[in-house]
Amino acid sequence: MDYNPVKIETKWQGYWDTNSSHEPSNDFTKEKKYILSMFPYPSGKIHMGHVRNYSISDAIARNYRKLGFNVLHPIGWDSFGMPAENAAIKNRVHPKKWTYENIDYMKKELNALGLSFSKTREFATSDELYTKHEQHIFIEMFKKGLVYQKSSTLNWCETCHTVLANEQVEEGCCWRCDNEVEQREMPGYYLKITDYAQELLDDCKQLEKGWPKQVLTMQENWIGRSEGLEFDFLLSDESREKLGNKFLKYSVFTTRADTIFGVTYTALAPEHEIVKYLCQNKLISDDKIAKIKEMQAVSSRDRAQNEKEGIALDIDVIHPLTGKKVPVWVANFVLIEYGGGAVMAVPAHDERDFEFATKYDLPIIQSIENEKNSFDESKATTDYGKLVNSGKYTGMSSKKAQKSIIYDFEKDGLGKKVINFKLRDWGISRQRYWGAPIPMIHCKKCGLVPEAIENLPVALPEDVQISGEGNPLDSHPTWKHTTCPVCQGKATRETDTMDTFFQSSWYFMRYTTDKSMWEDKVFDKKSSDYWMNVDQYVGGIEHAILHLLYARFFTKVLRDMGYSSVDEPFENLLTQGMVLKDGAKMSKSKGNTVDPDAIIQKYGADTARLFILFAAPPQKELEWNDSAVEGAYKFIKKFSDRSQNASIVSELPKIEHDKLSKESQLARKKVYEALKKSNDVFTEGYAFNTLIASCMEALNALSSQEDKSVWTEGYFILANILEPIIPHTCWEISENLFGLKNFYKIEILQEVFESSSMTLPITINGKRRCEIEVSKESSKEEIFSLAKRSASKWIDGKNIIKEIYVPNKLVNLVVK
RNA sequence: GCCCGAGUGGUGAAACUGGUAAACACGUUGGAUUCAAAAUCCAAUGACUUCACGGUCUUGUCGGUUCGAGUCCGACCUCGGGUACCA
């Protein structure tokens, strides 16, 4: 059979379309599998990362379909976002036109890969119907008290009059006009994800079976729960006066109450109220005020990378236990968002505090003693130990002292035990056009009110100028003027749009519902109860924290609003590595991209799919290699060509194993090993590369023998195993030889693995020297004596100190 | 800076719970076939060393545990992902 990829791929893609081969059934009595890839952003053309993502999920979906499951494997488009606006700024194309043209183009590209997506449930998140339901969800969240407004610091470009995303800031300057970016306080909408912090943390436990450990660790660290002591530092009398009696105290949070006697200074964030007051009223030198302004101008991520810096504020607080005065500093490493924006500093037992104290020559007082790490002045010792120099707590262990100090603080009303999370509420406001409008209305009389449900969607106006300056929704002549849904008076719309993570936090639930119900329902409860959870979610490791955490959060919120019954959206998660070329991520700017279309045209979709799954395990980074693609093509061609050695049958041939030649027996063993591998690969780890290697070994072994029924059995099984990976080729072979009757769960035949003898390697002092052939029934003594005879060359004249036999594995003789 | 990973031949990689390092491929070299080429088939291929049998070394670096370490422990180096307004 001549291998002609273009011909067979067009043929089978047409066949699958005509027969709706990949649509899920609405028969909810069947066993289901929901296989999902993270949906793409329609950037213009698909890239190798997409090919990888969808080849993986497609293999999984096809495998389950073959095993008889009702499979949902949908696709859609994460189609709001900045690139569409950037394209509009650069090329004066309307974001909507640009986006939907990209979708059309990329849809064709995906289709050419032979991906078994359900085509009837496709949508784009920028569709007005999607926006309508999304705004409904937002309003329900608002009514539940999960949405609130507050101010926070954002990147602002004064010349463009716009907020900049972190990505649009290049070395502190605006990407468009190169003007210096400032940090500006602006109001925005926030979602109370912190209300779910504890549950999001706790439920990591139930994900341990199906999620990579590293992702859960990242999520746990991100949520960052810690228990500790919150207490107040009272300002000294002079300092209080200096601050015009506006402030009496401020609170700090510490997880190391046991080190409290080691406090030698305290530090405030540059945005702290007291710091602001000092600056505004010029209570410190102009020099210092200028330095503080400089600190405030640096974004928090840059601050973390910069050297620790601080300024003495010339005020003191009173240590709550010693009564001594402690100086107050402002420091760039103290974050306003966490722990009240103030810390107690213990340079002896905290690395950051130590670095800072050394730089500014602040005292270092030891308060913990550790036997293993003797205290020295050159570094902080952060280990637990016994308290010293700590008043009545001296001699206690760190653990005991923490409890005891917290107890005393609570008893004396000086402080309390608190649980703190690093996780912050989710700011969803974006001052951009190409997003879902936040459906809120500002009314002079009624205040902030949600749009009436019957008026949804609040759609985007199409007649806008996108120049990169200002917010197009704000500057639109009429769009924002509306009537208040409560009092019917004049009012204005909110002009912020939503973060695109909002759309990707619930799209997977939308797919569960049949398109016929999409107009009226956001999801159909019966359908989502049947299809959720996603049995296998596949996507890039770069989403390990944000997207996955937001999606988990939404799932819990939607559950609490009665839309679904699940606590967690994704049962199993596979995080794929990136596709690299010349050691770097493929990107247009680096000019190292490989166009999937060109590969498909030259070699066919099956080659692209085989290469990408063979080159590396899915979780690992994948280095692109042109000649290896050629190799993948050769294998498919060989597999296709040699199919003429098999006969036309409609079921597995019966073979008498004992009557076969050694080569034929080995070939059968290799074929069944590949089948076994296939079962293993799809149940744990998805190491398709090793499955493909097994298939190659099997084909090599088949080629070294001549028995026709062994060939036939081999192809019946190999075409079955490889179908998820190179579907077009396998359907073609299967149609020609087996009338498409070989796609089902084939049972493993144990007899091909049975053998009476085994080969054992002999190692001397752990080094492999020779091997012996022994019967499986041999005793340990027999094995040792045979081993010694075979290895005599290496052990003669030496003493055998130890003899080790690892059953069925090896023999090790320790000699001297 | 902080959190999470990765590092094995010329290249992509394999090695289940500590037990034969380099399976399967790519590349390279040699050979067969061919007028020639493509395609295909066969063989060799970690490094050093030896005429050869063989020997020595080798999983980023250094150290440790063990009869035995790519795998476990400790320190370090390099690269990658995330870092809350890229998606």
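Being a predicted model, the structure only gives us computed values, none of them experimental. So you know, we letter chains A, B, ... as the sequences are listed, proteins then strands, and number each from 1.
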Under 4.0 angstrom, heavy atoms only, what part of the nucleic acid is [X] near: base, sugar-phosphate, or nothing?
X      : result
A/F635 : nothing
A/L154 : base
A/A544 : nothing

Within less than 4.0 Å of OP1 or OP2 of [N], is there a side-chain N or O belonging to [X]?
X      : N      : result
A/N689 : B/rA14 : yes
A/N221 : B/rC4  : yes
A/N86  : B/rC86 : no

## Note on the structure
Of the candidates B/rA87, B/rA84, B/rG19, the side chain of A/N812 sits closest to B/rG19
### Task
Side chain of A/E542 only, please: which of B/rG80, B/rG82, B/rG55 is the nearest?
B/rG82
### Message
Cation-pi check for A/Y190 against A/K150: NZ or CZ below 6.0 Å from the six-membered ring centre and within 45 degrees of the axis, yes or no?
### Response
yes
### Query
Is there a Watson-Crick or G-U wobble partner for B/rU8 with both distances under 3.5 Å, and which nucleotide is it?
none
### Task
Could you tell me whether the side chains of A/R642 and A/S703 share a donor-acceptor contact shorter than 3.5 Å?
yes
### Task
For A/D425 and A/T194, test the side chains for any donor-to-acceptor distance below 3.5 angstrom and give the result as yes or no.
yes
